[in-house]
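Can you keep this structure in mind? I'll have questions shortly.
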Amino acid sequence: MAGQEQKSTQPRGEDEAVEVDVPAPAAPEASAQDTASTQGVDDLLDEIDNVLETNAEEFVRGFVQKGGQ
Amino acid sequence: MGSETEFGIHAPTSPGANATYLSSQVIAAYARLTRSASRAETGWDYTDETPLRDARGWSVARSQAHPDQLTDAEPVLTAEAVALAHGPAEIELDGDQEPALMNLVLGNGARLYVDHAHPEYSSPEVTNPRDALLWDVAGDAVALATVRALAGDEARGPINLYKNNTDGKGASYGSHENYLVPRSVPFSDLVRGLTPFFVSRQLVCGSGRVGLGQDGKGPGYQISQRADYFEAEVGLETTMRRPIINTRDEPHAVADKYRRLHVIIGDANVSHVANYLKFGTTALVLSLIEAGRAPQVEVHEPVSAMHRLSHDTSLGEKVRLLDGRQVTGLELQWMYFEAAAKLAADSGVASADGGDGHTAEVLGRWERALTDLGGDRDAAAGYVEWLAKLRVLEGYRSRDGLVWGDARLGLVDIQWSDVRPERGIALRLAARGSLETMVDPGSVAAAVTEPPPDTRAWFRGTSIKRFPGSVVSASWDSVVFAAPGSYRLQRVPTREPLRGTKALTQGLFDEHARIEDFLAALLGERRT
């Protein structure tokens with residue numbers, strides 16, 4: 001089955017908290033549009049907070065699939 | 001063309017339950033729903049399946065094949081698997097257990113079945129990307145209907161379905177596309193023309209994934225759900241050593257006229273635009289290859305190039321071409337876009353009058369996506385799925401100071417694709433207008449029960465709906481009837497995908513209400 005070999009050479013684990021280079025989706029320069037966009041994301045997160053499964057740790061651990069095509 | 005969607009399956013209160021058994025319960029739940037709603041479904045006809053035939057001109061011996069490759073026989077659920085369904089030694093099987101139902105053909109022409117350990121919806125054949133999107137979204141509605149139906153089961157608890165491709169721990173399951181290609185196009189032309197396109201297509205239609213590497217343990221975020229699971233350039237397998245170009249030669253059609261190109265590198269998309277562009281742009285590239293006008297590019301080490309492009313959300317990563325050039329994924333996509341736009345202009349296929357009504361829209365949306373991805377990423381986040389998801393994840397990271405290994409980000413990644421509109425994050429975004437939609441709920445509801453009118457799926461779906469008790473099985477290229485009182489089965493081949501349309505067969509259905517008369521007229525007509 002896929003994934004049985006440990007191929008990743010990346011550091012792992014939460015303690016190491018390695019950040020990878022992922023730029024923020026918003027444009028870098030500050031503008032009225034940026035503020036509106038940030039506000040939109042905040043509203044969105046508030047909405048998502050209410051529907052997220054309650055125990056993230058347990059859910060993510062329990063979401064185990066068999067391989068498929 | 002058509003889609004195949006394998007859903008992730010999760011029974012939160014039955015950890016350790018057998019996934020194949022759970023999947024069979026999903027199929028059974030839909031069978032109960034369709035029967036009670038007087039819609040119809042029927043079993044699968046395996047006669048014409050050839051999963052071991054390779055497009056490069058040979059077949060794998062059955063004895064040499066991995067059991068996962070033997071998709072030409074009904075999967076058998078063992079008693080042990082059923083017993084494990086509720087967790088180890090938890091309950092005894094009771095007498096009213098549903099029989100393990102593994103396969104249905106639906107009244108809309110689709111197939112709903114257990115594929116390995118997942119419920120899979122294979123859409124009916126359609127002729128254009130808009131219909132491909134619509135009948136794929138109809139599959140999400142089918143999945144939702146089963147989740148609702150199973151939600152109240154007190155013994156087993158609910159079963160939830162996810163339109164994604166990985167559990168983030170090493171397992172991956174696919175969402176495939178199929179395209180009918182003239183057999184006269186050499187397979188090597190397909191490999192050469194498609195590989196650079198597939199290496200970069202994820203930038204437009206990837207659905208985004210938390211975690212790097214097959215086991216997802218590398219911290220970070222990447223563009224594609226599937227990219228890391230690909231290990232080969234060309235091959236027959238779909239469950240191991242996955243290749244960028246799959247060679248399964250199982251045409252489900254007139255074999256010397258067509259091949260079915262089986263595309264396995266795609267991500268499952270909840271974003272309508274991403275899903276639409278996945279089908280639309282690939283179809284345009286196939287037209288380029290057929291016309292001998294695909295861009296002349298070859299990517300050095302395409303598997304690793306695909307991985308690297310997936311891992312770089314800044315889109316600055318470059319891949320090396322065999323001619324020495326270094327290009328970004330976006331530049332590769334632009335090459336294909338420009339060649340497709342030129343071909344469309346030369347042939348008139350995208351013109352307002354005399355065009356095909358689809359090419360102009362695909363080109364327009366493709367150009368917009370490439371332009372936005374290269375500049376206005378905020379705009380792109382309104383329809384490019386991996387960017388929309390990244391936007392939410394970055395929101396959590398900056399608001400709550402989460403690092404990439406945090407379970408909440410992993411949760412958002414999975415719950416993004418929950419098929420329930422109240423739970424699925426992508427569907428929540430769509431409901432509030434933050435993720436662009438292209439098909440309305442009314443059209444989707446219709447596509448759940450109605451087959452597309454312009455392919456053989458019309459004949460298949462309408463036969464099943466009109467004569468529910470008399471269609472004993474069906475497949476892409478056959479419908480098998482059993483007239484009442486007759487011991488003889490009548491197998492009607494449907495090898496030509498563009499026959500059996502509404503225009504060709506509606507009259508026959510209208511004129512003959514009785515199955516005996518219908519078959520006599522149909523077969524009489526076919527004999528002449």
Side-chain angles (χ1 to χ4, degrees), chain A, chain B residues 6 8-10 12 15 19 68 115-118 166-174 176 212-215 217-221 229 238-240 242 264 313-314 376-378 381 387 390-392 394-396 398-399 403-408 410-412 414-415 422-423 425 428-429 432 434:
Chain A
M1 192 202 283
Q4 286 176 337
E5 302 158 63
Q6 296 277 331
K7 289 197 167 170
S8 174
T9 54
Q10 300 275 353
R12 48 165 296 198
E14 288 170 45
D15 298 338
E16 293 167 83
V18 177
E19 300 277 272
V20 293
D21 179 28
V22 179
E29 65 271 32
S31 69
Q33 205 182 353
D34 278 355
T35 315
S37 158
T38 308
Q39 183 60 44
V41 171
D42 286 346
D43 291 348
L44 178 61
L45 295 189
D46 290 343
E47 184 180 328
I48 295 172
D49 284 338
N50 295 323
V51 301
L52 277 185
E53 303 285 347
T54 44
N55 191 333
E57 197 82 48
E58 188 185 331
F59 183 89
V60 170
R61 200 180 333 114
F63 189 81
V64 176
Q65 302 290 304
K66 291 213 162 181
Q69 294 220 24
Chain B
E6 281 182 66
I9 183 163
H10 187 225
D68 278 358
D115 187 34
H116 303 293
H118 302 271
T166 177
D167 63 1
K169 301 173 186 70
S172 180
Y173 33 102
H176 302 172
L212 307 179
Q214 292 194 356
D215 59 12
K217 285 181 177 164
Y221 180 82
Y229 296 96
T238 54
T239 60
M240 59 210 155
R242 292 184 180 92
I264 67 170
T313 58
S314 78
D376 188 353
R377 284 167 67 109
D378 248 6
L387 256 181
L390 178 58
R391 197 162 176 239
V392 171
E394 286 291 4
Y396 272 101
S398 71
R399 190 191 72 179
V403 297
W404 277 117
D406 194 285
R408 282 173 71 202
L411 174 61
V412 168
I414 296 168
Q415 211 179 314
E422 72 278 11
R423 284 279 181 181
I425 295 171
R428 297 288 294 209
L429 260 63
R432 71 203 293 283
S434 303

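Letters A, B, ... are given to chains in the order of the sequence lines, protein chains preceding strands, and every chain is numbered from 1.
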Worksheet entry | Any donor-acceptor N/O pair, B:Gln415 side chain to A:Glu53 backbone, under 3.5 Å | yes
Fill in: Structural part of B:Ile264 lying under 4.5 Å from a heavy atom of chain A
neither
Worksheet entry | Contacting region of B:Arg408 [heavy-atom separation from chain A under 4.5 Å] | both
Fill in: chain B interface, residue from A:Val64, A:Leu45, A:Ile48, A:Asn55 that has the most non-hydrogen pairs under 4.5 Å
A:Leu45
Practice prompt. Measure distances from B:Arg399 to the heavy atoms of chain A and classify the residue's part below 4.5 Å as side chain, backbone, both or neither.
Written response: side chain
Item to complete: Could you verify whether a donor N or O on one side chain and an acceptor N or O on the other, from B:Thr166 and B:Tyr229, lie under 3.5 Å apart?
Response: yes
Discussion item. For a quick test of reading the model, state the closest non-hydrogen atom pair linking B:Ala19 to A:Lys66 and the distance between them.
Written reply: CB-CG, 4.3 Å
Practice prompt. State, to 0.1 Å, how close A:Val60 and B:Lys169 come at their nearest heavy-atom pair, and which atoms those are.
Written response: O-NZ, 2.5 Å
Discussion item. On a heavy-atom basis, which atom in B:Arg428 and which in A:Val51 lie closest, and how many Å separate them?
Written reply: NH1-CG1, 3.6 Å
Practice prompt. Examine whether an atom of B:Glu6 lies under 4.5 Å from a heavy atom of chain A, and if so say whether it belongs to the side chain, the backbone or both; otherwise answer neither.
Written response: side chain
Worksheet entry | Contact origin within B:Asp68 toward chain A - heavy atom pairs under 4.5 Å | neither
